[in-house]
Trainee: 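I'd like to ask you about the structure that follows.
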Amino acid sequence: AKDKPGLIEAASGGSIFLDEIGDLPLDLQASLLRFLQERTIYRVGGTRTVAVDARVIAATHVDLPKAVAEGRFREDLYYRLSVFPIRVPPLRERKEDLPILTDIIFNKYADEKSPQLKGISKQALRAMAQHDWPGNIRELINRLRRAMVLAESRLIMPEDLELAPQDDAIILRDGLDNSRGSAERTAIWNSLAKCGNNISQAARDLGVSRMTLYRLMAKHSIAP
């Protein structure tokens, strides 16, 4: 009944952002490639081309070179899009951003929080810094939003985020290190006693070199 510009045409003179471009079906990849090459489109049901001058910004979580190699993404489209690539590191590689991102998320969803909640504890921030964030920024948002609803104190604590407190992680790690050290020391003592302090024989029994055994003996203050 009437002409109506689509999203790409409406972006003419400006920019259009195409998110998750790596999930685009192959048939639509061909259409997008045609637009990028010719800077023209056909309206649905149209018979004439419409010129469009728009900057195209695309984003994806997909490893596009790998997708190209597997035939899931067109190589010619990849090179058309990859004129000026910008890699955004995953959250685990930029944990110094966590306090800023946390404040932004907290303020954005402040209307969802319990009335007594005022902020995020230092313990929670330390626990967040210890986490690897496999779900990236979406995991951070989900954990914070859930904690903002469920937290019962004035500050969000590690347990509200379902993260182990950093102090507990340190205690656990130190405990394991001490246990390993004790077992290592006992094994060296037993092996030396068994073979009459013969370093070569003890090293063979323990499956290490003589130099390694000497180093371990020095580490545990065991005299030869």
Side-chain angles (χ1 to χ4, degrees), residues 3-46 49-113 120 124-125 127-150 156 161-163:
D3 288 339
K4 182 178 180 181
L7 293 176
I8 289 181
E9 185 179 351
S12 188
S15 302
I16 185 167
F17 175 58
L18 305 175
D19 199 8
E20 299 299 358
I21 196 73
D23 296 330
L24 195 65
L26 284 169
D27 56 337
L28 294 181
Q29 291 180 29
S31 299
L32 178 59
L33 177 62
R34 189 180 310 114
F35 159 64
L36 293 174
Q37 289 176 332
E38 301 174 4
R39 293 291 176 174
T40 59
I41 60 165
Y42 280 98
R43 288 177 178 165
V44 175
T49 60
V50 177
V52 177
D53 179 19
R55 179 192 295 112
V56 176
I57 304 169
T60 183
H61 70 287
V62 174
D63 183 341
L64 288 184
K66 181 180 179 182
V68 169
E70 294 174 351
R72 294 184 290 109
F73 199 83
R74 294 180 61 117
E75 185 175 22
D76 44 7
L77 177 58
Y78 169 70
Y79 286 114
R80 272 288 176 182
L81 290 169
S82 188
V83 176
F84 190 80
I86 300 174
R87 178 180 178 271
V88 180
L91 195 53
R92 64 180 177 273
E93 295 180 12
R94 51 189 178 103
K95 292 183 179 178
E96 65 277 6
D97 291 346
L98 278 169
I100 298 174
L101 292 171
T102 298
D103 285 344
I104 292 172
I105 296 167
F106 189 90
N107 292 329
K108 181 176 181 179
Y109 297 102
D111 58 336
E112 299 179 3
K113 70 180 181 67
I120 301 163
L125 288 174
M128 290 163 66
Q130 293 292 311
H131 188 56
D132 281 339
W133 300 105
N136 215 0
I137 191 70
R138 290 183 178 91
E139 180 186 356
L140 176 62
I141 293 172
N142 289 340
R143 284 183 182 271
L144 276 173
R145 290 183 69 183
R146 183 169 59 246
M148 290 170 69
V149 173
L150 300 177
I156 290 176
L161 296 165
E162 297 184 0
L163 297 174

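Just so it is clear, the values below take in all heavy atoms, side chains as well, and ignore hydrogens, waters and symmetry mates.
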Trainee: If you measure from CG on Asp27 to CG on Leu32, what distance do you get to the nearest 0.5 Å?
Mentor: 11.5 Å
Trainee: Can you name the residues that form a side chain to side chain contact (heavy atoms under 4.5 Å, CB included) with Leu33, not counting sequence neighbours?
Mentor: Gln37, Arg74, Asp76, Leu77, Arg80
Trainee: Does the Lys113 side chain pair with the main chain of Met148, one donor and one acceptor, at a distance under 3.5 Å?
Mentor: no
Trainee: Quick one: pull up CD1 in Ile120 and CE in Met128 and give me the separation to the nearest 0.5 Å.
Mentor: 6.0 Å
Trainee: Within this structure, what is the CD1-CG distance for the pair Ile41 and Leu7, rounded to the nearest 0.5 Å?
Mentor: 10.0 Å
Trainee: Taking the side chain as every heavy atom from C-beta outward, state whether His131 and Pro134 have any atom pair closer than 4.5 Å.
Mentor: yes
Trainee: Show the nearest heavy-atom pair for residues Ile156 and Ala124, with the distance to one decimal.
Mentor: O-CB, 3.4 Å
Trainee: Can you tell me how far CG of Leu101 sits from CZ of Phe106, rounded to the nearest 0.5 angstrom?
Mentor: 15.0 Å
Trainee: Ignoring hydrogens, what is the shortest heavy-atom contact between Glu96 and Pro99? Give both atom names and the distance.
Mentor: O-CD, 3.5 Å
Trainee: Work out which heavy atom in Gln29 is nearest to a heavy atom in Arg72; give both atom names and the distance.
Mentor: NE2-O, 3.3 Å
Trainee: For Trp133 versus Arg143, what's the shortest heavy-atom pair and its separation?
Mentor: CZ3-CD, 3.5 Å
Trainee: Which residues pass the side-chain hydrogen bond (donor to acceptor under 3.5 Å, both in side chains) test with Glu75, not counting sequence neighbours?
Mentor: none
Trainee: Check the surroundings of atom CZ in Arg138: do more than 12 heavy atoms from other residues, nucleotides or ligands lie under 6.0 Å from it?
Mentor: no
Trainee: Could I get the full list of side chain to side chain contact (heavy atoms under 4.5 Å, CB included) partners for Lys108, not counting sequence neighbours?
Mentor: none
Trainee: Once you round to the nearest 0.5 Å, how far does OG1 of Thr40 lie from CD of Glu9?
Mentor: 11.5 Å
Trainee: Return the CG to CD distance between Leu144 and Glu139, rounded to the nearest 0.5 Å.
Mentor: 10.5 Å
Trainee: Could you list the donor-acceptor pairs under 3.5 angstrom formed by side chains in residues 53-65, with sequence neighbours left out?
Mentor:
| residue | atom | partner | partner atom | Å |
| --- | --- | --- | --- | --- |
| Arg55 | NH1 | Ser15 | OG | 2.5 |
| Thr60 | OG1 | Gly22 | N | 3.3 |
| Thr60 | OG1 | Val62 | N | 2.9 |
| His61 | ND1 | Glu20 | OE1 | 2.6 |
| Asp63 | OD1 | Lys66 | N | 3.4 |

Trainee: Residues in side chain to side chain contact (heavy atoms under 4.5 Å, CB included) with Pro85, at least two apart?
Mentor: Ser82
Trainee: So, using side chain to side chain contact (heavy atoms under 4.5 Å, CB included) as the criterion, who are the partners of Leu28 when residues are at least two apart?
Mentor: Leu24, Pro25
